[in-house]
Amino acid sequence: MTQEDRLIEYLLKVKSASVRQIMLDVGIGCPTKAISRAMRSGYDIRKEYKSGTNRYGEKTRYMVYTLEGGR
């Protein structure tokens, strides 16, 4: 199974995830590359910025990826 396949399977299960969640849960070292490949293969993956607080209490933004309807 390729990283792209694992990524798509994971997004189908959890609906949306950040790069960190994908790294930890799926074991993909460079999730952005797998996401880019999946998008080039025809998967409709949406990107959305979310706001949050990091471990130091500072405000931060991060990207969340959502698989929309498959290919």
Side-chain angles (χ1 to χ4, degrees):
M1 179 179 272
T2 66
Q3 288 185 347
E4 181 183 312
D5 294 335
R6 278 191 242 130
L7 170 71
I8 296 302
E9 188 175 284
Y10 180 71
L11 287 177
L12 284 169
K13 186 173 80 173
V14 299
K15 306 301 180 214
S16 64
S18 68
V19 168
R20 180 167 169 76
Q21 289 171 314
I22 295 168
M23 286 176 73
L24 295 174
D25 295 345
V26 186
I28 297 174
C30 188
T32 53
K33 186 181 272 188
I35 291 164
S36 177
R37 284 187 195 141
M39 291 172 75
R40 274 187 269 144
S41 294
Y43 286 99
D44 186 12
I45 298 176
R46 303 294 169 139
K47 301 182 273 187
E48 179 184 358
Y49 276 108
K50 296 279 184 170
S51 296
T53 306
N54 67 16
R55 69 178 100 180
Y56 305 109
E58 303 163 338
K59 290 185 179 184
T60 187
R61 288 183 351 147
Y62 57 95
M63 189 71 71
V64 173
Y65 299 92
T66 306
L67 180 62
E68 298 286 333
R71 283 189 175 179

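Note that these values count all heavy atoms, side chains included, but never hydrogens, waters or copies made by symmetry. Throughout, residue positions are numbered sequentially from 1 according to the sequence presented.
- Note on residues 26-40: no pairs pass salt bridge (charged side-chain N to carboxylate O under 4.0 Å, His left out), not counting sequence neighbours.
- To the nearest 0.5 Å, atoms CD (Gln3) and CD1 (Ile28) are separated by 5.0 Å.
- Partners of Thr2 according to the side-chain contact (heavy atoms from CB on, under 4.5 Å) rule, which considers only residues two or more places apart in sequence or in another chain, are Glu4, Asp5.
- As a member of the Ile/Leu/Val/Met/Phe/Trp/Tyr network built from side-chain separations under 4.5 Å, Tyr62 groups with Val64.
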Assess whether side chain to side chain contact (heavy atoms under 4.5 Å, CB included) is satisfied between Val26 and Leu7, documenting all intermediate values. CA-CA 7 Å; Val26 186; Leu7 170 71; 5.6 Å; no

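- For the salt bridge (Lys or Arg N to Asp or Glu O under 4.0 Å) test, residues two or more places apart in sequence or in another chain that qualify with Arg46 are Asp44.
- Follow the hydrophobic side-chain contacts under 4.5 Å out from Leu24 and you never reach Ile35; the two are in separate clusters.
- Looking at every heavy atom in both residues, Pro31 comes nearest to Met23 through CG-CG, 3.3 Å.
- For Thr32, the side-chain contact (heavy atoms from CB on, under 4.5 Å) partners are Val19, Cys30, Tyr65, not counting sequence neighbours.
- Within the hydrophobic cluster formed by Ile, Leu, Val, Met, Phe, Trp and Tyr side chains joined at under 4.5 Å, directly or through other members, Tyr56 stands alone, with no partner residue.
- Contact record, Thr60 with Asn54: CG2-N, 4.0 Å, taken as the closest heavy-atom pair.
- Within the structure, every pair that satisfies the salt bridge (charged side-chain N to carboxylate O under 4.0 Å, His left out) test and touches residues 50-59, not counting sequence neighbours, is listed here: Glu48-Lys50.
- Contacts classified as side-chain hydrogen bond (donor to acceptor under 3.5 Å, both in side chains) and involving residues 8-17 (residues at least two apart or in different chains) are given here: Tyr10-Asp25.
- A distance of 5.5 Å separates CD1 in Ile22 from CG in Leu11, rounded to the nearest 0.5 Å.
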